[in-house]
Amino acid sequence: MPPLMEVDDLRMHFFTRDGVVKAVDGVSFALEAGQTLGMVGESGSGKSVTALSLMRLVPEPPGKVVSGDIRFKGESILRMSEKEQGRLRGDRIAMIFQDPMTSLNPVHRIGRQIAEPLRLHKGASKKEAWGAAVELLAQVGIPQPAERAWDYPHEFSGGMRQRAMIAMALACDPEVLIADEPTTALDVTIQAQILELMREIQARTGSAIIMISHDLGVVADIADHVLVMYAGKAVEFGAADEVFCRPLHPYTWGLLESLPRHDADDGGRLSPIKGQPPSLINLPSGCAFSPRCAYATERCCSEAPHLVEIDSGHSSACHFSADKDFLNRSPHSATGKL
Amino acid sequence: MVRTRKPALYGIIPALLLTGVLLAMTACGQEPTTSTTAAGGEIQKGGTLVYQIGNPSFIEPTQAFESEGIEIVQAVFDSLVQFDYLTNELAPDVAASWEANEDASVWTFHLSGESTFHNGRKVTAADFKYAWERICDPVNKSNISYHLSAVKGFDEMGEGAATELSGVKAIDDETLEVTLSYGYGDFEYVVGHPCLCPIPKEEVEKDAAAFALKPIGNGPFMVSEPWAASRYVRVVKYPDYKGTQPNIDGVEFKIFEDVETAYLGFQAGSIDSTQIPPGNVNAAKTAYGVSPDGYTSNPGAQVQLGPELAIYYMLLNNEAEPFDDPDVRRAVSLAINRQAICDIVHEGVRKPADSFIPPGVAGYVPEAWAYSKYDVEAAKEHLAKAGYPDGAGFPIIKLSFNSGPGHEDIMTLVQADLKAIGVTAEFDVSDAPTYWDKVQNGNYQIGRSGWGADYPIIDSFVYSNLASTSADNFANYNNPALDEVITAARQIKATDERIKKYEEAVAMAGEDCPVVPITFYAHSRVGSARLHDFVHGGLGMSDFVSCWLEGAAAQ
Amino acid sequence: MAALLQVEGLTKHFRVGQGVILSHMNKTVKAVDDVSFAVEQGETLGLVGESGCGKSTTGRCINRLLEATSGKIEFEGVDVRRLRGKRLRVYRRDVQFIFQDPYASLNPRMTFGEIMAEPLVIHGFGTRREREQRCKEMLAVVGLSPEHIHRYPHEFSGGQRQRVGIARSLMLRPKMIVCDEPVSALDVSIQAQIINLLDELQKEFGLTYLFIAHDLAVVRHICDRVAVMYLGKIVELGGRQEVYSSPHHPYTESLLSAAPVPDPQKQRARSRIILRGDVPDPMYPPTGCRFHTRCPIARFPICSEEEPPLRSVASGHETACHFAKAFPISAGRMTSGDAHQQDPFGGFDGRPGGNLGDFS
Amino acid sequence: MLAYIARRVVQMIPVFIGITVILFLIRSPAIVPGDPVRMIVGERAISQALYDQVVKENALDKPLYYQYGRYLTRLVQGDLGDSYQLKRPVTHILFEKLPNTLKLALVALLIETVIGLAAGILSAVKKYSFWDMLVTLSTAILVSVPVFWLGMGLQVLFGVKFKQWGLPYLPVYDMTSRDFSTVVHFIMPGFTLASASMAYAARITRSQLLEVMGQDYMRTAAAKGLSRRDVIWKHGMKNAMIPVVTFLGMDLGAMVGGTILTEMVFNWPGVGLEIYNAIQLRDWPIVTGGVIVIVFMVMIINLIVDISYAFLDPRIRYTKAVK
Amino acid sequence: MAEAPEQIPGERSARGAGTDSSMGRPPLSIAESVGKGRTLRGDAWRRLRKNRLAVAGLVWVAIMVLLAVSADLWVPRYLGDPVDIDTTQAASQSLQPPSWDHLLGTDRMSRDIASRIIYGARASLLVGAVAVGIMLVIGLVMGAVAAYYGGIWDSIIMRAADIFLAFPYVLFAIVLVGVMGGGSPTNVFLAIGLLGWPGIARIFRGSVLAVRENEYVDAARAMGASTPRILFRHIMPNAIAPLVVYATMSIGVAILAEAALSFLGMGVQPPAPSWGGMLSEARGYLFTAPWLMVYPGIGILTTVLAFVLLGDGLRDALDVRKKE
């Protein structure tokens with residue numbers, strides 16, 4: 001049986017006046033029901049575009065899928081008609097966006113917005129859909145849902161809006177829930193509430209979640225699988241414990257080393273990755289990370305590595321990930337964390 | 001007499017609308033044309049004539065002072081006497097006969113007794129007294145009271161010291177006696193003005209506001225519905241009218257703010273008679289044919305270009321340097337190429353003025369004013385004589401006038417002509433009220449004016465503009481000898497004698513050249529192809545009685 | 001020795017306009033309410049809290065970008081709030097500011113050189129050439145190439161711009177720098193670069209930092225002492241070690257517990273406190289302890305009736321909780337599982353135990 | 001909501017007073033040259049007694065502030081004075097003309113809304129297409145063309161030439177006739193008056209719609225599975241229309257005041273033409289009275305727009321009413 | 001006042017300029033560190049140049065300005081005097097259709113229309129520029145005061161702006177010129193300028209308020225910059241962009257307003273040529289001499305259009321959001 005959702009060497013490029021922006025340039029992963037995939041990377045690494053591509057929400061033009069495939073239950077989404085895609089969206093695959101402030105339509109009532117997917121996909125009557133919307137609001141923990149459904153988004157607080165967004169996404173019991181930085185705009189205590197809610201929902205509905213975040217902590221908290229992205233490419237993929245505790249890619253090492261911790265003293269000095277992320281129009285030849293990589297060799301500058309499975313279920317896009325000596329040079333091994 | 005300068009007209013296309021506001025008699029030279037149908041066929045009855053007018057301020061006789069209002073009054077009311085549309089000859093109307101005393105200071109009018117108001121009541125002498133007092137009553141602030149300024153008691157009433165005109169007496173229902181403050185042989189013409197008609201007191205007292213919108217008169221037409229502001233005034237024929245019954249059923253006076261729009265409507269076929277906007281005369285001549293007498297429109301000869309009894313002239317401030325010197329005034333007058341103005345601005349419709357008195361007014365003498373010709377060399381000579389050889393030392397002067405394309409064009413040409421003799425003139429343009437303020441206060445150097453008589457008498461031109469005692473003598477011309485001649489002339493009862501005396505006065509003034517005549521007005525109108533025997537007279541009034549509409553009855 | 005900066009009873013009210021023509025109908029928001037702390041020479045004090053807690057306002061009041069409503073701010077023993085004219089300028093020379101947004105804090109129409117030279121120009125230092133020289137040096141200090149002096153901000157990434165912002169703050173050799181969320185707009189790898197830079201500059205120039213941030217980890221990394229703020233009040237103040245490893249205020253503890261750590265195994269093992277509801281509207285702050293509407297241990301009337309003062313709980317460690325000592329830390333702690341049982345979705349009505357809590 | 005309306009109404013008062021002050025000064029002898037008595041009585045010679053009477057009747061001997069107070073008091077009672085020329089109450093004169101101006105403005109608003117919105121939506125939805133270019137260019141031309149020139153051109157072409165060529169034509173000349181209220185009479189003047197506004201409406205619609213299409217909630221709507229069409233119509237339109245409706249409302253006010261040129265070219269018997277003629281005659285009561293009437297209407301329209309704006313946009317409706 | 005520059009503070013250790021810092025960080029390599037710094041203005045200019053319509057507008061404006069400025073040098077000699085007439089010849093030269101002698105024909109007064117259009121451009125551009133200059137001066141001062149001082153000043157100025165904005169533009173311009181007594185260009189400038197300032201003031205005020213929110217303004221204040229410095233160095237340059245667009249468009253609007261006033265006989269007075277005045281003269285010749293109406297109308301249309309297109313282009317070019 002094919003996996004619930006499968007992405008195969010996806011390349012989404014933007015054709016702009018200034019050149020071709022390779023926003024997503026080779027991303028592959030598979031997702032099973034009930035799994036949570038965390039997608040991490042810095043801004044511009046292509047994680048959001050990947051998520052939007054899964055929903056076919058990237059405006060085309062300027063965007064264009066130049067190669068690769070996205071399959072939902074073995075069926076290629078890319079080859080579906082627009083109508084079929086529309087039937088999938090919001091029904092089988094739903095999405096939550098980063099900024100709950102702007103992602104809700106300011107001139108429609110919350111209840112109506114939540115009811116809309118039901119009316120669209122389930123053919124519910126206005127009344128039924130409204131009732132279901134109130135129900136959903138209750139499920140995501142909005143007090144007095146029957147009254148609050150009549151509110152407009154600006155009358156909700158940030159946390160409540162994100163709950164409403166989640167309710168909207170959940171309306172049709174989707175099989176895949178894509179969350180694009182759902183907590184970035186929120187305070188940390190509210191973030192904890194939202195993450196808790198998502199965990200709760202997954203436990204109840206068994207849907208798969210794709211959690212996109214730049215915050216390694218959030219991903220570590222919620223994901224069981226992690227995809228690390230850099231400059232439009234997937235550089236590491238594996239189970240969360242593996243990726244966080246035995247990272248294979250120097251970029252992942254760098255990320256973890258850059259991060260101060262609030263749960264322990266970190267010895268006073270961070271080890272940042274040097275330099276700046278590359279321009280997506282003008283990617284360096286070879287490994288995109290090579291200019292910033294402390295371990296880069298000549299081969300890295302000329303030959304682009306592919307995502308290769310090193311351990312079972314743990315892959316990395318580095319020429320040297322299979323090299324045990326190389327891995328021993330990682331800061332993780334030095335500090336004995338490996 | 002109305003100085004042709006009042007209202008709305010001046011804003012947009014003043015020169016054209018100026019043609020109106022004249023009434024009187026004329027004169028010699030006009031062979032009455034037989035007004036039978038030119039295009040053949042029987043006179044047909046019925047139909048409504050659509051007639052373009054500007055937007056009137058008033059349509060009731062007490063207040064009407066612009067041509068558009070007076071034309072309506074003319075159709076709706078009959079005065080004591082009337083003028084023939086073509087010959088301008090005096091004829092009886094409500095008054096069957098009249099006579100004056102020796103020095104022409106007491107006039108007695110005998111009413112025919114046939115005229116009735118549209119409400120059915122007979123017109124009496126008292127109705128005239130009522131109407132005239134209404135005009136003179138300061139409460140009504142009428143702009144036309146000057147017509148009656150010769151009547152005894154006029155000043156007292158104007159000052160509020162008297163409530164009636166002591167000079168006007170209704171001896172009985174059919175006899176009206178008018179005593180004047182001074183002898184005035186032309187008074188019989190004055191009472192021919194359409195606005196000096198009788199007014200039914202009972203209607204005004206019932207509802208003055210309603211009367212203002214739907215005046216009730218004694219003329220061939222009656223107003224059929226209240227005046228629709230800015231849109232139209234409709235009149236229909238008055239069935240009980242005792243005079244000549246009109247051929248047409250009525251007239252729709254369609255109100256247009258500007259002639260261009262009206263002319264568009266004419267071209268599209270929905271207007272029967274309109275003025276022709278400047279620039280279209282030649283094309284219209286070709287398209288519609290020219291009326292041979294200039295006054296009568298018949299199919300195929302629809303363009304009416306007849307002269308009117310009015311003159312366009314330059315005012316020179318005779319009191320102030322440098323125009324206090326007659327030679328300077330003569331130089332200016334000689335410098336102006338009047339023919340060019342007529343050709344360029346008026347498309348040849350108007351004629352160059354060679355006197356201050358327009359042809360058609362009894363007393364007009366061709367080339368009476370010797371300096372009113374175009375002679376650059378002579379102009380330069382006079383200028384040199386005044387001490388400004390080739391304009392050297394001549395101050396830069398201000399050429400004042402009220403705004404409006406017509407005046408601007410003429411002044412542009414005048415400016416160019418003055419430049420040719422070395423005189424630099426700068427424009428000083430203002431809106432009409434401001435301009436007239438300046439002129440009245442003598443606060444100008446060269447200005448412009450137009451003058452048309454309300455009744456075609458030479459006195460209207462001579463006294464008002466040239467007598468030092470006249471309030472309208474804006475040129476501030478002061479010649480005591482001339483004043484004496486005019487005073488003498490006014491008291492002569494015999495018409496021919498009187499006119500002779502006036503001719504003498506005109507010649508005297510011509511030598512001094514106090515003002516500079518430019519052109520004699522002429523109208524430029526066009527009638528529709530279904531319109532027969534339609535006369536628009538030299539007095540600016542249209543005859544709606546004798547015209548008829550082809551095929552109108554069938555519609 | 002007196003502290004370099006001494007803040008006592010700092011209060012800042014904002015008026016929120018609602019009046020038609022006159023402003024008498026306006027409401028007041030107490031953004032900062034009676035805040036006191038001191039910053040010693042050479043140390044870094046962290047000011048941490050969620051959005052709207054008043055930490056940035058505090059920083060701006062200290063720098064006189066905002067005028068405090070009341071309270072005392074003393075810098076080197078001088079009352080800052082009374083400074084005018086030239087003396088204010090001298091003070092501003094000594095206390096510099098680093099802003100959060102590297103995009104908004106640099107004038108887009110000025111080159112890096114002009115931006116960096118501006119403090120020198122304002123204070124009348126150096127000739128044109130000297131200033132340029134100094135800019136080049138300082139660019140090198142913050143890790144940029146001196147050639148960039150003629151370049152414009154929009155040509156650079158956030159991290160590079162933030163370096164220029166830092167360089168600008170150093171041009172006048174200040175004694176103290178107020179850093180207002182200097183790294184929160186930056187990506188992880190760049191953030192680490194800037195943190196290290198700030199660290200090094202402090203050592204190099206003997207700087208004192210007032211470090212304002214919402215990221216607990218960054219604060220822990222860079223600060224010597226930490227003040228935790230909630231709704232305009234300091235709820236806990238103490239050394240980094242003490243506050244992070246033995247927080248006395250339930251809010252501090254909740255905050256620490258809510259921030260996940262980038263280690264799945266550890267994260268799973270951590271206990272969690274899920275706070276109820278949202279931060280109340282600062283226009284209508286709760287009575288008593290401002291945290292009581294969300295507090296996991298507020299079970300007594302005193303919490304909603306009496307405002308707890310900041311009390312010392314250990315040497316150099318103060319906290320503003322009525323029960324800071326009565327309840328050992330563990331007593332207030334709940335696992336996530338507990339929280340669910342009590343209040344499945346965090347009690348969004350915001351009225352725990354019938355206590356008032358007028359927020360919406 | 002009531003408080004919001006009340007606040008808007010209260011805010012209108014100083015503006016209205018300011019306007020009356022300016023208009024009062026404009027007609028006062030302090031600013032306008034000339035003797036006000038002469039303007040009132042016209043040019044005929046009058047006695048000193050009558051002169052004094054006019055001065056007294058019009059309080060011309062009183063100080064300026066007194067005159068203003070008198071003016072304002074009468075204004076509030078709906079008395080705009082009598083016309084110098086026509087010697088009738090200004091209100092009567094104006095209210096004869098006002099319906100014509102309003103009708104014309106409403107027709108223009110209709111034309112503006114239909115064409116402007118359609119063009120704006122078309123060019124936004126088909127951004128960068130040929131249609132978009134066409135709309136962009138033609139709106140630029142429409143805002144640049146002098147209305148009187150456009151009006152003249154339309155008359156010549158559709159009124160006269162078309163008739164001459166035997167094509168269906170539009171009436172241009174008999175605006176004053178009895179059947180003046182028929183629809184065809186309104187087409188050309190309406191189009192002329194609406195020309196520039198139409199272009200602005202199209203531009204605003206386009207930019208608003210484009211702006212809205214870039215908003216996050218549009219992506220949310222698409223993520224729910226709505227088709228592109230539904231996303232735009234169900235989620236985009238209402239948001240985009242809020243500023244457009246505001247513009248249309250404000251523009252109705254502007255058009256009421258901007259009819260002078262159109263009325264002149266089409267000989268349309270409206271307030272604008274009346275004011276223009278009155279300026280020529282220095283008939284200040286009509287001029288200032290006409291301006292006051294128009295300004296007052298503009299203010300009322302703007303107030304209605306503001307209030308309806310609050311109804312359209314829930315963010316405004318409730319923010320003030322929360323507590 | 002040339003104050004001797006003070007020593008730069010804290011010059012404790014002589015640090016090698018340009019060399020690696022003592023912390024051993026090499027300068028970062030920047031991908032695009034080639035070439036000179038790109039100014040915002042340069043960027044805007046580059047974007048403007050890509051907009052063909054805007055470039056067309058700019059070129060047309062330039063041509064018009066050039067024609068208007070150079071008119072005295074050649075127009076009277078080659079095309080004919082725009083004002084002077086030889087009355088003896090005028091009748092025969094009147095209303096000539098376009099020909100090689102008179103490219104755009106002659107008017108009733110026999111003057112060359114091309115010549116008059118060029119001089120009319122001078123009048124229009126002058127009115128546009130001066131009127132917009134007046135509204136800019138008033139508007140900038142009012143807007144800046146309202147935005148920077150706020151409070152009561154803001155209220156007064158903005159209420160005053162409301163009062164002026166409540167008057168319909170065309171109507172009030174006509175009334176104002178009517179009151180001041182038409183016929184003087186000064187009155188036209190003043191009327192258009194007086195009516196235009198509230199727009200400028202509002203935009204500038206809004207713009208200043210928005211710019212003032214930027215942290216770089218705070219940064220300047222935190223450094224101790226004086227109010228004038230903040231205003232002129234930081235706020236003005238950044239707040240001016242929308243005004244540039246608005247002012248450009250306003251020139252077009254002012255030209256239209258002047259044409260309307262002249263058309264109504266209240267603007268530039270004959271015989272001085274103006275486009276509106278020429279159209280007013282042309283009214284009677286719609287059929288007999290259509291060129292009288294066509295060319296001045298095209299003159300107005302194209303010139304205003306040029307300013308509108310230029311304004312559109314500037315708006316896009318100066319829009320910061322459109323960078324990237």
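Below, chain A is the first sequence line, B the second, and so on; all start at residue 1.
- Contact of D:Leu226 with chain A is made through backbone and side chain together, with heavy-atom distances under 4.5 Å.
- Using a 4.5 Å heavy-atom threshold, the side chains of D:Thr220 and A:Met165 count as touching.
- Of the listed residues (D:Asp230, D:Asn239, D:Val212), the one with the most heavy-atom contacts under 4.5 Å to chain A is D:Asn239.
- A:Asn105 contributes no side-chain N or O that, together with a main-chain N or O of D:Tyr217, makes up a donor-acceptor pair within less than 3.5 Å.
- Interface residue A:Leu104: only backbone heavy atoms are found under 4.5 Å from chain D.
- Residue-level contacts of residues 110-128 of chain A with chain D, in order of numbering, are A:Arg112, A:Gln113, A:Glu116, A:Pro117, A:Leu120, A:His121; threshold 4.5 Å between heavy atoms.
- Interface summary for chain D: among A:Met95, A:Met168, A:Met101, A:Arg87, the most heavy-atom pairs under 4.5 angstrom belong to A:Met168.
- By the ring-ring contact (aromatic ring centres under 6.0 Å, His included) test, A:Trp150 pairs with A:Trp130, sequence neighbours left out.
- Shown here is A:Glu75, whose CD atom has no more than 12 heavy atoms of other residues, nucleotides or ligands within 6.0 Å.
- Note: A:Val107 leads A:Ile178, A:Val107, A:Asp99 in heavy-atom pairs under 4.5 Å with chain D.
- When atom types are taken as modelled, the side chain of A:Arg89 and the backbone of D:Ala222 share a donor-acceptor pair closer than 3.5 angstrom.
- Within 6.0 Å of OH in D:Tyr200 there are 12 or fewer heavy atoms belonging to other residues, nucleotides or ligands.
- For the atom pair NZ (D:Lys238) and NE2 (A:His108), the distance works out to 5.5 Å, reported to the nearest 0.5 Å.
- Heavy-atom distances place no part of A:Leu88 under 4.5 Å from chain D, backbone and side chain included.
- Residue with the most contacts toward chain A among D:Ser227, D:Ala223, D:Gly236: D:Ala223 (heavy-atom pairs, distance under 4.5 Å).
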